[in-house]
Each structure stands twice: as structure tokens, then as C-alpha cells.
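Structure, as C-alpha cells:
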Amino acid sequence: MAQASTPLNATVQQVTQRIRERSAERRALYEQRMADQHRRGVHRGELSCGNLAHGFAACGSQDKDSLKLMNAANLGIISAYNDMLSAHQPFETFPETIKAAARDMGSTAQFAGGVPAMCDGVTQGQPGMELSLFSRDVIAMATAVGLSHNMFDAALYLGVCDKIVPGLFIAAARFGHLPAMFVPAGPMPSGLPNKEKARVRQLFAEGKASRDDLLQAESESYHSPGTCTFYGTANSNQLMMEMMGLHLPGTSFVNPGTEMREALTRFATEQAIRNTEPGGTYRPFYQQIDERAIVNAVVGLLASGGSTNHTMHLVAMAAAAGITLTWDDFTDLSAVTPSLMKVYPNGQADINHFQAAGGMSYLFRELIGAGLIHSDIPTAFGTDMTAYTQEPFLEDGKLVWREGPETSLDTEVLRGVNEPFAPTGGLTVLDGNLGRGVIKVSAVEQEHRVVEAPARIFEDQNELKAAFDAGELDRDVVAVVRFQGPKANGMPELHKLTPFLGVLQDRGHKVALVTDGRMSGASGKVPAAIHISPEALDGGPLSKLRDGDIVRLDANAGTLEAKVDAATWADREQRVAELDHYHVGLGRELFGGFRHLAMRGEEGAGVFGGFEADDLARQAGQIHDEDA
């Protein structure tokens, strides 16, 4: 078993320290506010008789009796259940399991509120995708509404996918005086191999496969309840929650509908009760999650080749806990974090293969043993992180944890730090006269990591498809899709473009994508400079580009440049786009305020401002209320 005394990697220590120093005043104000909230206590003890009667009117007599006693814990359940989204459909039965487990502990659990959960797989390339990123902040606000009744001693957060877990995390941070437990549902069993799915998609893009062929392949890939099995944002979420100790050890990738999954849900309920003040050991979120936990999440993301979406989500999540995380922190940690996983789109295996090869317990063993994560942080499991080298088993129906494998069972999927797939992580920051962005290179072959070619400018992703169909892109090209940032249209994922660009690359062309939008956790083999900040609508230099300008993307050097002489570049006017067609229909008109408030991608693309950072600036007289 890896020991907590393993010396911490020097770069990990330095990055952690500079985050701590950078965030010191902000974090102190956050902790003060959470401690003040804790001192006020759970308001159930201060509610009037009428308030309390409303709070338990729908409960059975056993639960009512427990809720009248202020020495029994009451858990608030926040769930992202819906039965359209495969990853969240299993949550339908979780509340009753949780309530029964709580009663067995002499406590109670109430369904505090549901939050929306949209599926990016359904909305990919559709107008609804323009609500996707903002749904993260809606989820945080909806969670706050659910917990605002102050009936609860702790909260259980039921969520899996893209924006859902980051939204739940942001709310958990703002209710940081409550202990928190994140409860996953698990991935669906393996279906059609990812390589075959990608092949059919590309054939369809070339007109060599029918729509029936495509639908059949997609249906065989996404075929049952559970999370999609590729390693995108959803599964990256689960890995990060475990890296921060907000999951039980080994719970992230257990399939739904199994005896083990139900046992883990029951245990999560029991442990959440133990973590409350009535339960005897108070473990609030704000005392558990600090800059060390955030660094663990970043390192886990990098070691696994996780989703580029988290270069924004983690910034916003950290901010909610009073911590200032930057893209430079990602870059520096990536330089010392080896790539240990190959799960599609970084390889051909899926997340179930990763689980079978050794899963999280092996990944923890390797990262702790190499001093790449903080092993001394507290966890919702009640231990430090060294316990996470264990995995759960059922012995005569009872849940126990035993040490996981000491060697990978499939080195094509999961490796140790002494034989990594690559010596560095899969994400890096690009900088240059086109702004700052990020690129995921873990699935990009070395020969494709530097592209210099004429730009072809698009202001709508459908324009790129039309140009591809017309044969206009059958050459070396840097496709620039601009006015796709949060202020412009909500920053949709542009994953729909991957098959077209992949075809061009396979034809031998030098191809890259540059955008102020997103490319999702499924960013693949084509180099994509994404999240370019500032975005084109916000005065970003992408608005100065013209068709035919030579653009150089160099993922090795971390640069992104328009090869235009400085005088010409300075004299160019910025393009002003007509965006009204993005702002109406499918509820997009309801999000005009969000587009107005949205921060830059590098700042997390959220709508909440800087939390304590803004408050401190206001106290210092650097900003005024009318500017906030």
C-alpha cells in the first residue's frame, strides 16, 4: 500500500503553494462565512412549529418522530434524475434506498430537490446545446433552492454527467457548512466497440454509410441505463470526485442495477450520517475541500487524459470554494504528470475496461506512490486518501474494502508511472496573438501536433459542414469557428465537426480547429485549440482573422499564432457578427442575462462573478456595486 509519507513531487508542491498564496484572502473569507453558517446551526432546530410542520407534513409517522428530535440527522437528497438521460435514469430508485438506509440508522432523508440534467449527446450540433454550459449554473442555483429550507444536516448529491456534477459541486461549496457525499450511478455495460462506432461515423460523413447504418451503430454503443462508456466529461467527473475524496473508494465505475451498486448507495447514506454533528464526527465540505483537493483533481484529470471541459469547470468549482485556479496551473502540473490511461477517445478501450484493468485503486496507488497527489487530505469516507488504494467487495452480502491490484491487469489500458503512455499529461495551454486557449493532445499523434495552414473562417458550425460537403476543405486547412463563446451563444460543444475534420486528416491533409467554443470530453485525433479567450464577441483577436491568413498551431511549443505582420494586424478592424439567430428559440431567449454576465472561459465561463474575489475587491475599493 502506498504510504502517506511519500515525498510530494516538487512541482505539485509548488503549484499547490502558489494556489494557496494566491487564494489566501479569498479562501479566508470563504471559510469565515462557512464557519458563521455552521455556528447558526441547522435551522430545523430554530424553526417555528408552523415551519417545521410544513417541513415534515408529507413524512410518515416514523420520520416525523425522528425529525422532531434534533439529535437525529436528516439528509437532503439533491438528484439530477430523469428517465431520458441514460446516465441518470438509474437514480429513479436511489431515494427510497437512501431513505431506508437512513431509517436503519435512526435518522431520516428527504428529497430536497431535483435539478435539470440535459444530455449533450442528444443536443450535440442542435440549438439546445447553446443552453448546455449555462445549465451548470442553473443546477447550482436549483440545488441552492432545494437546500435553502435549512432542514438538513448533510447533503447527498446524485449526478453524473457533463455540467451536472460541476453544478452540484458549486452548490455544495456554497453550502460548505454541510457534509457532502456525491453518489454516482455508474457506467452502462460495454456495447459496440468505440473504434467501430468512430469508423461508421466517419463513413457517414463521407456519404459511404447510410443513416440507418449510423443509427444502428449509435444504438449499439449507447444501449442501456448508465453513463456512456467513453472517457468524456461525465466519466472525468466521476474520477475527479473520487480524487477529491467526495466519493466512497472504488464507487465511480460500478455498473448500475447491481447488488454492489445498491450496497455502495446504502453505505454512502450511512457514512453521510456519520459525518454529521448528530452522527458524532462533523466533516463539512469546507473543511474537506481546499487547494490540495483541487490539485488532486487536476492531476487525476491529466493522468487520465480527461475532458477539456474541466479547464473551465474546475476553475469555476474552485472559485466557489474560495480558491483561484488558473490555466497555468494546469500546464505546470501537466509537465510532471504522466499519462497512465488509454480510454476512448485516447485509445480503443472503454471505461469498463479501465475498471477491469485495476481501476481507481490502481491509479491511486501509482499517483500516491509517485508523490503526485496529496494523500493527507480528509475524505467523506472518514480516512485520508491512502484508503483509496482499496476497492469494494461483497462478503456474504456485507460491503468491505480490500487492497486493489498492485499491477495493471491490462497495460494497453492502464499503466504505472514507470511505464506511462506518455511522460506528461494530455492537456496544455496555447498562447499567442490569437489569445489563450487549451488543447487536448492525448489522442493526437505526434505528427499532427504542429499545423501551419491557411485559415478558413466560419461563424456557425453548420457552415463548416456545408463547405466540407462542397469539397472546399479538401486541403491543408485551419478551420476557425468563431463567435461560439459564452457571451455570443452560450459556448456549445462542436463535437459534431469531428468526423468531417477526421476525414480530411485521414486524406493526408494538415488539419486543425481553432475556436472560442468547446469540443467536449470526446476531443479526438484532430488538434483543436478551444476555449480561446477572450472570445471573438468580447474583443478577442479571433475577430481579426480573415480567410487565407496563415495560422500556426504548435501544441509542442504551446503557441497559437496568426502569421500576419504586426502593423497589418494592429490596423485590422474586428469583425462584428450578427448573432440574433442564436438567441431565440428552444428557450434561448431566457438566457440573455446569462450571456451578458458570462465570464471568460479562462475564468470558468460562469455567471456568478468572482464570489469572494469580487467581495474582497469591493472592500478594497477596486470595484463598485454598479460594476459588479
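Keep in mind that this is a model prediction, so the values were computed, not measured. Just so you know, residue 1 is the first one in the sequence shown, and it goes up from there.
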Between Trp401 and Phe267, ring centroids under 6.0 Å: yes
Any donor-acceptor pair under 3.5 Å linking the side chain of Ser334 with the backbone of Phe330? no
When rounded to the nearest 0.5 angstrom, what distance separates OG in Ser304 from CE in Met240? 9.0 Å
Indicate yes or no: does Arg26 engage Asp615 in a salt bridge with an N to O separation below 4.0 Å. no
Verify, without hydrogens or angle tests, whether Asp614 (side chain) and Gly610 (backbone) share a donor-acceptor contact under 3.5 angstrom. yes
Could you check whether any side-chain N or O of Asn74 sits under 3.5 Å from a backbone N or O of Phe152, counting only pairs where one atom can act as donor and the other as acceptor? no
Among His247, Gln355, Gln238, side chain to side chain donor-acceptor pair (under 3.5 Å) partner for Ser252: His247
Sort and list the pairs that fulfil side-chain hydrogen bond (donor to acceptor under 3.5 Å, both in side chains) and have at least one residue in residues 311-322, not counting sequence neighbours. Arg136-His313, Thr311-His531
How long is the straight-line distance from OG1 of Thr6 back to CD1 of Ile368, given to the nearest 0.5 Å? 8.0 Å
In the structure I gave you, are the side-chain heavy atoms of Met188 and Thr229 within less than 4.5 Å of one another anywhere? yes
Suppose we screen for salt bridge (Lys or Arg N to Asp or Glu O under 4.0 Å). Which residues come up paired with Glu21, at least two apart in sequence or across chains? none
Does a side chain donor of either Thr143 or Arg174 reach within less than 3.5 Å of an acceptor in the other side chain? no
Test your reading of the model: is there a side-chain donor-acceptor pair from Asn237 to the backbone of Asp162, 3.5 Å cut-off? yes
Going by atom types only, do Ser236 and His310 share a side-chain donor-acceptor pair under 3.5 Å? no
Return yes if some donor-acceptor pair links the side-chain N/O of Ser135 with the main-chain N/O of Val138 below 3.5 Å, else return no. no
Could you tell me whether Phe364 and Tyr388 have their ring centroids closer than 6.0 angstrom? yes
Is the Phe611 ring parallel, tilted or perpendicular to the Phe608 ring (thresholds 30°, 60°)? tilted
Can you name the residues that form a salt bridge (Lys or Arg N to Asp or Glu O under 4.0 Å) with Asp350, not counting sequence neighbours? none
Flag the pair Asp137 and Lys163 as a salt bridge only when some basic side-chain nitrogen lies within less than 4.0 angstrom of an acidic carboxylate oxygen. no
Do the charged groups of Arg402 and Glu395 touch, with an N to O distance under 4.0 Å? yes
Pairing donors with acceptors under 3.5 angstrom, does anything connect the side chains of Gln271 and Asn275? yes
Salt bridge check, Asp410 against Lys342: does any charged N sit closer than 4.0 Å to a carboxylate O? no
